[in-house]
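To start, the structure under review is shown below, and the notes come after it.
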Amino acid sequence: MDDDISSIICEAEANVAAVSSRAELDEVKARFFGGSGSFTAFRKKISDLPKEEKPAFGKKVNELKSGLEAVFAKAVRLSEEAEFQKRLGPEVDPSLPSPDISRGCEHPLTQVRNRIVDIFHRIGFSVVEGTDIETEHYCFDALNTPADHPARNSQDTYYLQQNSQVANVTKKRDEERYLLRPHTSSSQIRTMLKNEPPIRIISPGRCFRRDTADATHSANFHQIEGLYVDRNVTVRDLKAVLDYFVRELLGSDAKTRFRPHFFPYTEPSFEVDFPSGHLGKVGSDWIEIMGCGMVDPSVFESVGYDPEEYSGFAFGMGVERVAMNLYGIDDIRYFYQNDERFLRQFS
Amino acid sequence: MKISYQWLCDYAKIDRPMAEIEEALTLIGFEVEEIESVGVPQLDHVVVGEVLSKDQHPDADRLSVCSVDVGDGEPVGIVCGAQNFKVGDRVPVALPGAVLPGDFKITKSKLRGVPSAGMMCSAKELNLGDDHSGLFILENRPEVGTSVNEIFPEPDTVFDVEVTPNRPDCLSVLGIARELSAWFKVELQYPEVKHAVSDGSDTDHLLESIEVLEPEACPRYTAWSIHGVKIAESPEWLKQKLRSAGLRPINNVVDCTNFVLLETGQPLHAFDSAKIRGNRLQIRGARANETITTLDQKERQLLEGDLVIADAERPLVIAGVMGSLDAEVDSSSSEIVLEVAAFESRGIRATSRRLGLSTDSSYRFERGVDPQGIEFAAARCIDLILETAGGTVGGRPQSEGRPLDLVSEIEVLPEQIIKRIGFDVSDNDIAEAWERLELEVRRPDSPSKPWTVSIPSFRQDLRGVADLTEEFLRMYGTDRIPEASVGCDTVSALPESPIDLANRAFRSHLVANGFNEAFNYTLISGDETETWQGKAGREVLAMENPLAQDQSHLRPSLLSGLLDVIRFNRGRARKEFRFFECGRVFREEKGKIVEKISVAFAVCPSAEKNSWLERPSVDFYAVRRLLEDLVELSGMQWVPFMIRPTEGLPGWAEKRSAILNHPRGWQVEWGALSRNILEAHEIDDPVFAGELIIDPKCFNSATKKKVSFQAPSSFPRSVKDISVVVPKGELAEGVRSKIAKFASKGTKGFDVESVEIFDVYEGKGVTEGQKSISLSLQYASKDRTLTEKEVGKAFDDLQQRVAADPSLSMR
């Protein structure tokens, strides 16, 4: 009888080994346990046995049943395991590269812009965006630029057609012309006209000059303008803020030099330099990083602020220029060529 | 402006190292752009030699073999390539061991087999100008063997300084000397004028009359008569000074006018009186069709707005800009009319710019010349002319207009200065700084009364307290402004720019998806503009004064630029490229320009397999996903039912692209770009791209999505699938929303949670020209498990509605 049991189990094992899918396995199982299956046939033998042997045979039936079930359960496990392995895909060679495209990178001008903006963010400046299209009034008149100043010339500044209408850039005077702004300082004016002090803004944006492109000139470029207006703002505050900025950008030992300069809309005006040593260069040259100054009283008058009550400072810098200094880039045109081999160096 | 150190020292004895002077100039606002050393530097082993013999080189036609006495007993043999000398000439000789400017080391050598023990030098080789045409023959025959440093003056240093437009007074050696003497606290000595302007007889004038017809353009005109000059070359000292400033010496009279222009900043003009027809000068506007041949030998057409100095017949000078050949002082001149005048800057600037003719004179008049400098400059120039060319002065000048009185005063309290600079300084420090700059400070006894500061006529730029603050800081030293920590009394009340926030979100999302950021130019060609916005766009978006044809229009789309980037990079590598840009675009709308925010991206898959494992490349739907994300990041809401296939847009491939135009003011376009536009950019692989364009006003009205929590249902959902057949051209979203609407009508007391398309099928079993769309519906309730019966009922209802709809049929 024990031989019967082991032969049935052997038969089951052989059958299970031959199946290739879960469905076939279920079929085999049904065949063993079904009406004409080996297990049923074995169990039926009980009816031919004398009464006293029945309990012992019953145990044998159970033994066979659990033996078969173990065979099938194991087979199910193995099948599931195989199925899962299949879904895991083939074995890997971990040294093969991933074929998927890697993370891209932000343009170096974006990175430098954000780095600068973030520094000013930390000391309470918020970002204001101007428009690329501006008018003569906001770019020149309101910034104390004389009517025949060369910057207004159509050789230097891009103008829109005389009769152009721009739906979302307001004019001060009907007859003034639209232009592509040559600097971001116009956003100072629009911000002051719309808001009362205190004002603490930083305004990055694209600017335009009618220049033929060469290593240091580009038809468009980017500036970041800053403005702080409040009661009792002093030259010392200006220096404190810009010293902080330069140290954050170049390192805590960075030094600055404030060189008196001239801008029509600030007085006193300065250009700020830092020593080239901060870029890891040899030599004792100073490198210009930005222009700045105390807001000229005439600018306050043009936006309706009382120059006796308020004072403030403004500063501006070229993003390309800062980026070229930081990374040692010697030609501004690289920024607009968008050679992937150039861009990826900044990822 | 080029400033010679030796010239500066004529007025202020600044005995400091050059580096210190350079730093001082920079710190007081005159950035030094270049420092140049002129003259013979300290040279060892360079001595005077005399050529004893000169023979033809046996093997070289252009070389000669010379024997040269260098005062050393034995003459030396030198092979020389120059032609301009003869036996007996004395020349500078560099002997072995000498190092000439430019680190040129002299050694014993052989030239074509003949030994040469040194080199005879040209002027250029000794740093004496650019003459390299031959040897520098020492005409005054200094003693043989003398070191060249003993026969040439000490080298001079020339600073090339940037003078800002507000400081025309420093477009002169005296002006810079004044600044440096103030900084170094050294006395400034003005040149002494020997001939009083009243010398000579007042009636001894060369001209019959002068007449100013345009007194506004020419507020003052003086003409000085000088008789009997002898035109010759200028003395060496004068030529040297002009050369140091980059000017070419001409003759003694002209050189004197140029010298005084450089010294004082006042332009002057000398006429040959014999060439003035009708013996009179008229300062008038040019007449129509008048021309003039200026000293640079160019004939120039004048316009009526131009101011000229004319004689009885013709214009002789473009006022303040340049004289003509017609009245030039030349070797035959002996009677000179010297013009010293004031011209209004605006007119000079306009004329100079229009003619493209900027001169030392026009540059100074444009920026402003000291209105009180006329007499001094005239007297100084007459002095120099009499000294170098002889002659006599014809007394006081003929003049028109009055001496201009432009001395102004500013009232100021020292506290005002301290309030502006933000740190304490003494009253004396403030007063002293101004006085050093020749401002006169009157301090009343009472400390509450303001000081009166008199501004000299050459400082027209000083108009108020802000200007005086700068003058104080310049003299006090900006390096002495104390350091401070950043004050934070106030914080900006302005909100963060939503545009900036959106752009940052766009960038980080696209970068994470493998895109590299590009920056392209805002101006593109008219043809490109037309591709995106048609003829109307081309007309409206054109610039008034483009510089180049391919940069003549405002870009209505960022995609043109991205295609250029793809083309550029494809030329260098055969692989997939992904680029994006964030920037401003300009759209034509109803004839107006609207400036908008844009983000665009483009993918150009590689044409060939270039990875060991292939991946499916980007397609239309991948682009749509990215755009949906960008729309959401911008705070707008994607509205699928507004999507339309593109029609008649030349940039996009038909039936492979779509557009969503939202009435709030934003739009997206995406899909495959058209063959035409790709060909125009020389790209032969397909490019999938997308662009989101947002009117900035959208950000003003965008309300931040308010989030309020809702507990997710804990009851199971019932799922039912349905397939419907519709014409092939039907948009799936229309079908889906119709099914969703029908489904929700059939439910009572529970919801249709979602209706999603899970299959679209054309082919066997579906009529030609039709497609089957299979949708999966999820029914759910928040508070109970739905019974099969009620879901069945709702689904039956849906099927009936579908069957009843003529545009749908069940599959």
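Numbered from 1 within each chain, the chains take letters A, B, ... in sequence-line order. Keep in mind it's a predicted model, so treat the numbers as computed, not measured. Atom set for the values below is all heavy atoms of this structure, side chains included, hydrogens, waters and symmetry mates excluded.
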query = So A/Arg236 and B/Asp424, salt bridge (Lys or Arg N to Asp or Glu O under 4.0 Å) or not? Walk me through it.
reply = CA-CA 11 Å; A/Arg236 191 183 186 182; B/Asp424 274 332; over 6 Å; no
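The greatest number of non-hydrogen atom pairs below 4.5 Å with chain A, out of B/Val594, B/Leu501, B/Asp461, is found for B/Val594. The candidate from B/Leu510, B/Leu473, B/Thr522, B/Val565 with the greatest count of non-hydrogen atom pairs under 4.5 Å with chain A is B/Thr522. Among A/Val241, A/Leu343, A/Asn195, A/Ile133, the residue making the largest number of heavy-atom pairs under 4.5 Å with chain B is A/Ile133. Ranked by heavy-atom pairs under 4.5 Å with chain B, the first of A/Glu196, A/His261, A/Gln162, A/Lys194 is A/His261. For the set A/Leu238, A/Asn153, A/Asp273, A/Val117, the count of heavy-atom pairs under 4.5 angstrom toward chain B peaks at A/Asn153. Your options are B/Asn516, B/Thr164, B/Thr469, and the one with the most heavy-atom pairs under 4.5 Å with chain A is B/Asn516. Heavy-atom pairs under 4.5 Å with chain A peak, among B/Gln416, B/Glu576, B/Glu614, B/Arg420, at B/Arg420. Of the listed residues A/Glu288, A/Gln155, A/His222, the one with more heavy-atom pairs under 4.5 angstrom with chain B than any other is A/His222. Among B/Asp467, B/Leu613, B/Asp479, the residue with the largest count of heavy-atom pairs under 4.5 Å with chain A is B/Asp467.
Under the 4.5 Å side-chain criterion, counting only non-hydrogen atoms from C-beta, A/Ser218 is in contact with B/Tyr521. Contact check for A/Glu271 versus B/Glu31: side-chain heavy atoms found under the 4.5 Å cut-off. Looking only at side-chain heavy atoms (C-beta outward), B/Met543 and A/Tyr159 stay at 4.5 Å or farther from each other. Put simply, the side chain of B/Lys592 does not reach to within 4.5 Å of the side chain of A/Val166, judged on heavy atoms. A 4.5 Å side-chain heavy-atom check between B/Arg572 and A/Asp339 finds at least one atom pair inside the cut-off. No side-chain heavy atom of A/Thr234 sits under 4.5 Å from any side-chain heavy atom of B/Ile418. At least one side-chain heavy atom of B/Trp612 sits less than 4.5 Å from a side-chain heavy atom of A/Pro97. With a 4.5 Å cut-off on side-chain heavy atoms, B/Arg584 and A/Glu129 count as touching.
Judged by distance alone, the side chains of B/Thr478 and A/Arg259 never bring a donor and an acceptor atom under 3.5 Å apart.
When heavy atoms are compared at a cutoff of 4.5 Å, A/Phe270 approaches chain B solely by way of its side chain, counted from C-beta outward. With a threshold of 4.5 angstrom between heavy atoms, A/Ser311 does not approach chain B through any atom at all. Using a 4.5 Å cut-off between heavy atoms, A/Arg210 contacts chain B through both its backbone and its side chain. B/Glu471 does not touch chain A: none of its heavy atoms, backbone or side chain, sits under 4.5 Å away. For A/Asp132, the parts sitting under 4.5 Å from any heavy atom of chain B are the backbone and the side chain alike. When heavy atoms are compared at a cutoff of 4.5 Å, A/Leu160 approaches chain B by way of both its backbone and its side chain. Heavy-atom distances place no part of A/Ser203 under 4.5 Å from chain B, backbone and side chain included. Looking at B/Asn569, the atoms closer than 4.5 Å to chain A (heavy atoms on both sides) all sit in the side chain, from C-beta outward.
Put simply, CZ on A/Phe208 and CD on B/Gln551 are 10.5 Å apart, with the number rounded to the nearest 0.5 Å. Rounding to the nearest 0.5 angstrom, the gap separating the CG atom in A/Asp237 from the OG atom in B/Ser485 is 9.5 Å. With rounding to the nearest 0.5 Å, the separation of CZ in B/Phe519 from CZ in A/Arg206 is 7.0 Å. For the atom pair B/Ser617 OG and A/Ile101 CD1, the distance stands at 10.5 Å (nearest 0.5 Å). Taking CE of A/Met294 as the reference point, atom CD of B/Glu470 lies at 12.0 Å (rounded to 0.5 Å). Distance check, rounded to the nearest 0.5 Å: CD of B/Glu595 to OG1 of A/Thr131 gives 5.0 Å.
In plain terms, the two heavy atoms of A/Tyr244 and B/Val486 that are nearest each other are CB-CG2, 3.6 Å. Across all their heavy atoms, A/Ser126 and B/Glu496 have their closest contact at CB-OE2, 3.0 Å. Residues A/Gln161 and B/Glu539 come closest through the heavy atom pair NE2-O, 3.0 Å. The minimum heavy-atom distance linking B/Asn545 with A/Ser154 is given by the pair ND2-O, 2.6 Å.
Side-chain atoms of B/Glu517 do not come within 3.5 Å of backbone N or O of A/Glu106 as any donor-acceptor pair.
For the pair A/Glu340 and B/Lys575, the salt-bridge criterion is met [side-chain N within less than 4.0 Å of a carboxylate O].
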